[in-house]
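Bear in mind the structure is a predicted one, so any value in this text is a computation, not a measurement. For reference, positions follow the sequence shown, starting with 1.
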Amino acid sequence: MSLFGKKKCCLCDANIGTLYKKKLPCGLLCEKCKNELSPFVKSSRFTDIETLKAHVAYRRENAELLERFEITRIIGEKERLVIDDKNKLFLFTDTEKWADRQPDVIRFDQVTGFDEYIEAIDSGDYYESSKGIVKDVPKGYVNYDFSFTLTIDSPWFDVISLQINRDELNTDDINSPEYREYKKILSEVKETFRPYYRSVKKIS
């Protein structure tokens, strides 16, 4: 076979070229099969075909959950936690067209832990955000990022993290409306899964 000739997908046995493939420890995947993998699972997990087939079976069951998913709440600005309170399901996404990418749908009772993080960085004479460096910020102002981590009971992944604010919050007042709103969102997430997780840690 030519070096640049077509090879076979290790999952569906279709011919694949050199440009449209994904390399796994157990072989090559075509574009179609590549899109069936969870974005949360590292490629290094797939050391054999049996594990790969089990994962694809899980993803197809997951697609059925997605079909009956009913949005009741969306938490976050850029990265989002999308919740279905009726069916006790949720998913993570960083795009408005989340259904097209088949995100992993997770049951409430798979949540085993919750950690919240409020990262504070003293600005000094300036601070840096996604908009660049802003000069002449008075001393005492601090940049804050608000995020949380859920530990998940799943054979494919065990930790998922999400930052709820789009840009750093710059303030010298932890009682400001913006700061209190982000704290409220963290509390909302914590209370949503409280009946299910077994540990709570707070790191500020």
### Derivation of the side-chain contact (heavy atoms from CB on, under 4.5 Å) call for Cys10 and Leu52
CA-CA 9 Å; Cys10 67; Leu52 178 60; 3.8 Å; yes
### Message
Test side chain to side chain donor-acceptor pair (under 3.5 Å) on Lys7 and Asn15; report intermediate values, then the result.
### Response
CA-CA 5 Å; Lys7 297 183 179 180; Asn15 288 326; over 6 Å; no
### Task
For Arg73 and Asp85, run salt bridge (charged side-chain N to carboxylate O under 4.0 Å, His left out): C-alpha distance rounded to whole Å, both residues' side-chain angles, the deciding distance at 0.1 Å, then the answer.
CA-CA 8 Å; Arg73 286 182 285 161; Asp85 290 288; 2.7 Å; yes
### Task
Determine, step by step, whether Glu191 and Arg194 satisfy the salt bridge (charged side-chain N to carboxylate O under 4.0 Å, His left out) criterion, reporting the C-alpha distance in whole Å, the side-chain angles of both residues, the deciding distance to 0.1 Å, and the verdict.
CA-CA 5 Å; Glu191 292 305 314; Arg194 179 178 289 279; 2.9 Å; yes
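For the pair Glu31 and Lys34, the salt-bridge criterion is met [side-chain N within less than 4.0 Å of a carboxylate O].
Aromatic ring pairs are classed by plane angle as parallel below 30°, tilted from 30° to 60° and perpendicular above 60°; the pair Tyr179 and Phe146 is perpendicular. Classified by interplanar angle (parallel below 30°, tilted 30° to 60°, perpendicular above 60°), the ring pair Phe92/Phe148 is tilted.
Asp153 and Thr112 share no side-chain donor-acceptor pair at under 3.5 Å. Residues Tyr144 and Asn165 have side chains that never bring a donor and an acceptor to within less than 3.5 angstrom of each other.
In this structure, Tyr117 is not a member of the same hydrophobic cluster as Val159, with clusters built from ILVMFWY side-chain heavy atoms closer than 4.5 Å. Side-chain heavy atoms closer than 4.5 Å link hydrophobic residues (I, L, V, M, F, W, Y) into clusters, and following such links, possibly through other members, connects Leu169 to Ile174.
Residues Asp104 and Trp156 fail the side-chain proximity criterion, which asks for heavy atoms closer than 4.5 Å. The shortest side-chain heavy-atom distance between Ile118 and Lys183 falls under the 4.5 Å cut-off.
Here the closest heavy-atom approach between residue Leu150 and residue Phe193 is recorded as CD1-CE1, 3.8 Å. The shortest non-hydrogen separation linking Thr51 to Phe46 is CG2-CD2, 4.1 Å.
The side chain to side chain contact (heavy atoms under 4.5 Å, CB included) test with Pro103 singles out one residue from Val82, Leu66, Asn62, and that residue is Leu66.
Of the possible polar contacts, one joining the Arg59 side chain to the Glu36 backbone as a donor-acceptor pair under 3.5 Å is found. In this structure a side-chain-to-backbone donor-acceptor pair under 3.5 Å is present from Glu79 to Gln163.
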